[in-house]
Every structure is written in C-alpha cells, then in structure tokens.
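Every chain is numbered from 1 and lettered A, B, ... according to where its sequence line falls, protein lines coming before strand lines. Because the structure is a prediction, the values reported are computed rather than measured.
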Amino acid sequence: MLIELKNIVKDYQLGMDTVHALRGVDLKIQKNEYVAIMGPSGSGKSTLMNLLGCLDTPSSGIYRLNGSNVSEMDDDHLAEIRNREIGFVFQNFNLLPRASSAHNVELPLIYNGTPAAKRKELAEKALKKVGLGDRMHHRPNELSGGQRQRVAVARALINNPSIILADEPTGNLDTRTGDEIMDLFEELHESGNTIILVTHEEYIAEHSDRIIRLRDGKIERDEAK
Amino acid sequence: MQVQESFYIALDVIRTHKMRSFLTLLGVIIGVTAIIGMQSLIEGFQKDMQEQMEQLGSNVFQVQRDPVMMGGGRHRDQEKKRKNITLDESDAISQYCTSVEQVGPEAWHFGITVKYKDKKTSPVMVLAGGQSAFFPNNGYFVEQGRAITDTDDQYNRNVAVIGMDIVDELFPFQNPLGEEINVDGRHYEVIGVIEKQGGRFGDSNDNRVVIPLNTFLKYYGNRERSLNITVSVKDPAMMEAAQEQVIGVLRAVRKVPPGEPNDFEIWTSDSLMERFNNMTRAVRIGAIVIVSFSLLVAGIGIMNILLVSIRERTREIGVRMAIGAKRRDILFQFLMEAVLLSEIGGIIGILAGVGIGQLVALISPVPAAIPVWTIVIGFFFCSLVGVIFGVYPAAKASRMDPIESLRYE
Ligand SMILES: Nc1ncnc2c1ncn2[C@@H]1O[C@H](COP(=O)(O)OP(=O)(O)OP(=O)(O)O)[C@@H](O)[C@H]1O
Ligand SMILES: [Mg+2]
C-alpha cells in the first residue's frame, strides 16, 4: 500500500472559530493509481493534497506513506520525504521567475546533495521527457503557460517520486494546453507513476482511473472506473 | 544544501538588485574605506618614522635641550629658559659615565648651499658638526675615503664627509675625494663619502655635509648654540643604566636642584616610536568609533533589505520548502545573502581605502602602506555584521509555513 489514511482530521483555528477542513478521511491508494479528487470549493481538496504531500500534518488520524507513519515526523524528516517521495505540480506553476528551466527543474536535487554535473544531466533528461529539450535556458517569462506547467512537471519528476500531486494543474491553462498537460500525465501514468490530481472539470477527471468526491471535509463518493 | 548553491543564489539576488544592494552597502563601504584609508596613511607614516628612527640603533640614545616633537605643553615656558648643552657637558658624560661607549656631541645647520668650482647645489643641504662618534652613533657608514677623526676635530681642520646627494649634484662623473667644496664662503676638502641612506617622504638623508665639530663651532658660533649628544652603550641591555648615569651627571653639571625635573631631554628610537604611537592612537580610536557606527547602521540596512527581500520572495521560499528544502537550508540561504552583501561592501571598502591611501601617497609626500592586519580584521568584522544582522531575517524566513508561503500573492 502506497498511501493509507485513517480517520484524518484537519482543523484550522481562526480566532475563536474552528474550521473543520477535513472531518475524518479514510483512504487507500495503491502504487501506479491515477486518482482525481473533485468536490465543491472549500470541501477540503487542497487541504487533503497538502497532507498527502507532507506540507502539513493532520490534527488527528494516521497517515502512512510507503508504510512509514508520516503524521509523527518532524519538519526535517518531512522535508526529506517531500524531496524524495513527492512531486508537486501547482495551479500557478510556482517556478522561480529568475531561474532558467533547467535550474528550476534541478532544484529538488540541490536539496539532496546531488552533484552539479549529475543534476544537469537529470534536468536535461526530465525536460526532454516533457518535450522542452530546446527550452533549457529559457526563463519562465519566456515560456507559454503550457510550457511553464511542463517545466513544473519535469521538476516534479526529477527525483523519481512515489507520487505526483497536482492541485488543479490545468486551472490556469486554456483547454488545448490543458489537454496537452493531461496527455503528459497519461504518459507518466503509463510509465508507472502514481498520480493524484485535483480538478473541478469532469472531462479532466475522466483521464483518471478513480474519482474521489469530497464534500464538507468528508469523502462523499469514491469510484473506480 | 551545498554552500556553493546558496552562494550563487545570494550573488544572483544581489546582482538583480544592484542599486538597492549598493545603497545598502554604502554604510559598510564608507566605514571600511575610512578605516583602511586612514590606517594606510598611519602605517605608512609609522613605517617611515621607524626607518628614520632606526638610524639611532637600539644601543644609542640622544640628549638634547628641547623636547622632540610636540612635548607636553605644560612646561613650555620653563623649557624656553633651558640652558644650552655644551661641549663640557659632553666631555663630562664621557668622563664619568662608565656604561657608555661613545659620546658624540653634534651640531646642525640646515638649508645650506654647497659649491664646487662653478657648480652649486640646491639650498636644501644640511651641515653637521661632529666628532668621530658621529658616524657610528647616527648609523652613517663612510664607504669612500675616511670619516672625521678626533685629530681633525682637535685642529679645526677644514675637511668634510659628504652625502650622496651632494656627490650626485656636484660630482656626477668625478671622484669627489680630495676636491675642495665651498660652504658659506669657507673651503673644505672632501675626505669621505657616506653610503646612500635613502629618503623619507620628500626629505633626504643623503644631503649631509659633516665637518669637525670644532670647525663648525668656530664658524657658526657656540654661544647661542645648544649641542645634541648621541650616546652609544656597549650592550642594549645597558641602555637604561647608561641613561640613568647620563641623567645623573648632567643634572650635577647643570646644577639642577633635587626634585626639579630634568632641564634636558633624552630619547631613544623606541621612546620616539612610542610617542608617535601615542599620538596616532587617538586617530585610530576615532577611526574605529566611526567604523563601528557605520557598520552598525549598515547592519540595520542589511537587515531591512533582507526583510524586504524575504517578503518579496515568500513564494520562492514556499516552493523551495515544497520540493524539499529544510528549514536550515532556508536559514543558510538568507544568512549567506547577508554575509555576502556585507562582504562585498567590505571588499569595495578595502579596495577604495587602499586606493585612497596610495593616491594620497602619490600626490603628497605622505607615505602609505597596505595595512594587512586592518584589512583582515575589517573583512572579518564585515562578515560578522552580515551574520549578526542576517540571523533575524533568515530565521524568520526559515520559520515560514510552506503552505502559507505558496499561497502568498
Ligand atoms: N490556513 C487556513 N486557515 C484557516 N482555514 C483554512 C486554511 N486553509 C483552508 N482553510 C479552510 O479549510 C476549508 C477547506 O479548504 P481547501 O483549501 O482545502 O478547499 P478546496 O477544496 O481546495 O477549495 P477550492 O476548490 O476552492 O480550492 C475551507 O473552508 C478553508 O476556508
Ligand atoms: Mg484548493
């Protein structure tokens, strides 16, 4: 089992009020699954993704990733997990604006001490994989939205993570470029990656094998195709 | 994360915001420039003084009537009334002071013109009257011919030992020995040439014409003229004992009542150097205070700019954390930025300071040295300022919440 969530609760304290973002989520995801998470705004999708991505820890419940209990890890350990096991793709790309594509892509390798020559080689490979072999030295503002998102995907891939987490990866793209990104995910899935993505669009979710629907911090429906 | 990486990030940030970085650095630059420039000149001056003072070897001290350099102002009036130091006193020293080796009474006359046939030197030469001890005690080595002897002195001979400047001006292609030079209408036979001494800013030590002391006193009068006496001891360890003896003898001969201060001065190379160092100490302390303040101000500037930078790059911090940067990686990155920033300021300041020192040395007679230690310490303090004022912003950055940072607009 790659991911195992048991009764995950996430509360946010907003002054006197407590916001219950997740109210007891149980979830199991296998290796090489392609999962779409859907649900209305505010239903807890991003909160769930952040927990899965080890950017945050649950208020209660247990999260096992590859068998180890993430809910009990300290900051440094979580950073290592994020570096090794998780690849993030964000709606707004989140590339470093002043860095070239190649540098953006090699960034995760910098934080695990990969030597520069090796980093360069891997970054080049990853960029070729997403079809940007000829855009190595471009900066984000010299790329189209679709190309930026590809750079982000290449960055997510570079460390061979167990999971690729994409929170509305096509949200800032037009339909055609969105489809290109989805084709890319398809390829990654076929080559053995585990993909979890959040989307509001049914036709995007259609690309996946399994759709999980959240409502008010709970799983409302979980259906495989 | 590798040091190299954070170095490049920091460098890139500084390069991107050149103007902003420069303005932030101004405090560091000004402070460091000030201290390095000042120290260049002080050390240059000091080195020069030292060279000059080493003419009096470590086993020689000098007795003279008036204080050297700016002695304490309190006794000014009393000092003016001091009696001249005479040949008799010099003789008393050689007679009664057992620890001394050679006693060299001497007299000086500045700004003379030396003539030879139809040639004459510029009017900047110095006439000295001395005895045989004049040469060893002042560190003059006679390389051609011979020095003044006691016989020369005894018989008021018109002989002269000349410095290289005079040789260069009057005898460029000629052996000066045996030639007759003319000073103030009196003729002297050149009997020796002093080895080249080298100069000290603008002033030369090679412009000397040394004649027997008695000859000097005959022509230039001995009534109103106070002599200087150089005294050498056999062993530098006996310096103090010898000085005590000389003081005792002089007080007795000059009839200084017990309890009164000496009405003459004694100095050694060391004591002069010490005096000089005391004089420059105030300047140094002033410089350090100025620099401390400007580094403090600069440090606050660096802290401020770093806080701005962190605000601007909140998302970047979030991204870095999301892809695996640990908190200490972020801390280190911003600390590196602060240190690099202040070190760049330090380097610019050091270069500017050394440059200014050299420039002043070039266009004025003031010498300049490159103050290695001040540079090392200055650089160290710049780094320290970077660390001290970088810690708070860097720690703040490292404690940011990755999710919040990623969402930051
Ligand atoms: N840092 C926070 N502090 C307080 N409340 C929060 C915080 N983050 C999320 N929430 C709340 O938790 C709930 C779930 O938010 P979440 O961002 O997971 O929704 P979402 O399903 O991703 O919505 P959207 O589709 O609009 O992105 C919301 O009510 C939100 O206001
Ligand atoms: Mg969301």
Search all heavy atoms of [X] against all heavy atoms of [Y] and return the closest pair with its distance.
X        : Y        : value
A:Phe90  : B:Ala322 : CZ-CB, 4.0 Å
A:Arg82  : B:Met321 : NE-O, 2.7 Å
B:Ala325 : A:Tyr111 : CB-CE2, 3.4 Å

In Å and rounded to the nearest 0.5 Å, what is the [atom1] to [atom2] distance from [X] to [Y]?
X        : Y       : atom1 : atom2 : value
B:Glu404 : A:Asp56 : CD    : CG    : 9.5 Å
B:Glu316 : A:Leu95 : CD    : CG    : 11.5 Å
A:Ile110 : B:Gln4  : CD1   : CD    : 10.0 Å

Tell me, yes or no, whether the heavy-atom count around [X] atom [atom1], taken from other residues, nucleotides or ligands under 6.0 Å, exceeds 12.
X        : atom1 : answer
B:Phe381 : CZ    : no
B:Arg20  : CZ    : yes
A:Tyr12  : OH    : yes
A:Glu72  : CD    : no

Practice item. Indicate yes or no: does A:Asp76 engage B:Lys326 in a salt bridge with an N to O separation below 4.0 Å. Key: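 No salt bridge links A:Asp76 with B:Lys326.
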Check your understanding: Is a salt bridge present between A:Arg98 and B:Asp12, judged by a nitrogen-to-oxygen distance below 4.0 Å?
Key ->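 Salt bridge: yes.
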**Study point:** Short side-chain to backbone donor-acceptor contact, B:Arg315 and A:Asn94, under 3.5 Å
**Key:**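 Answer holds: no.
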Review point. Less than 4.5 Å apart, any side-chain heavy atom of B:Arg320 and any of A:Leu96?
Key: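 Contact flag for B:Arg320/A:Leu96 side chains = yes.
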Exercise for review: Could you look at B:Arg328 and say if it's the side chain, the backbone, both or neither that has a heavy atom under 4.5 Å from chain A?
Suggested key: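 Interface part for B:Arg328: side chain.
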Check your understanding: Where does A:Arg155 contact chain B at under 4.5 Å (heavy atoms): side chain, backbone, both or neither?
Key ->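 For A:Arg155, the contact with chain B is made by the side chain alone.
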Exercise for review: Count the heavy-atom pairs under 4.5 Å between each of A:Ile86, A:Asn92, A:Asn112, A:Asn159 and chain B, then report the option with the highest count.
Suggested key: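 Option with the greatest count: A:Asn92.
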Exercise for review: Output the option from B:Leu406, B:Thr16, B:Ile323 having the highest count of non-hydrogen pairs under 4.5 Å with chain A.
Suggested key: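 Heavy-atom pairs under 4.5 Å are most numerous for B:Ile323.
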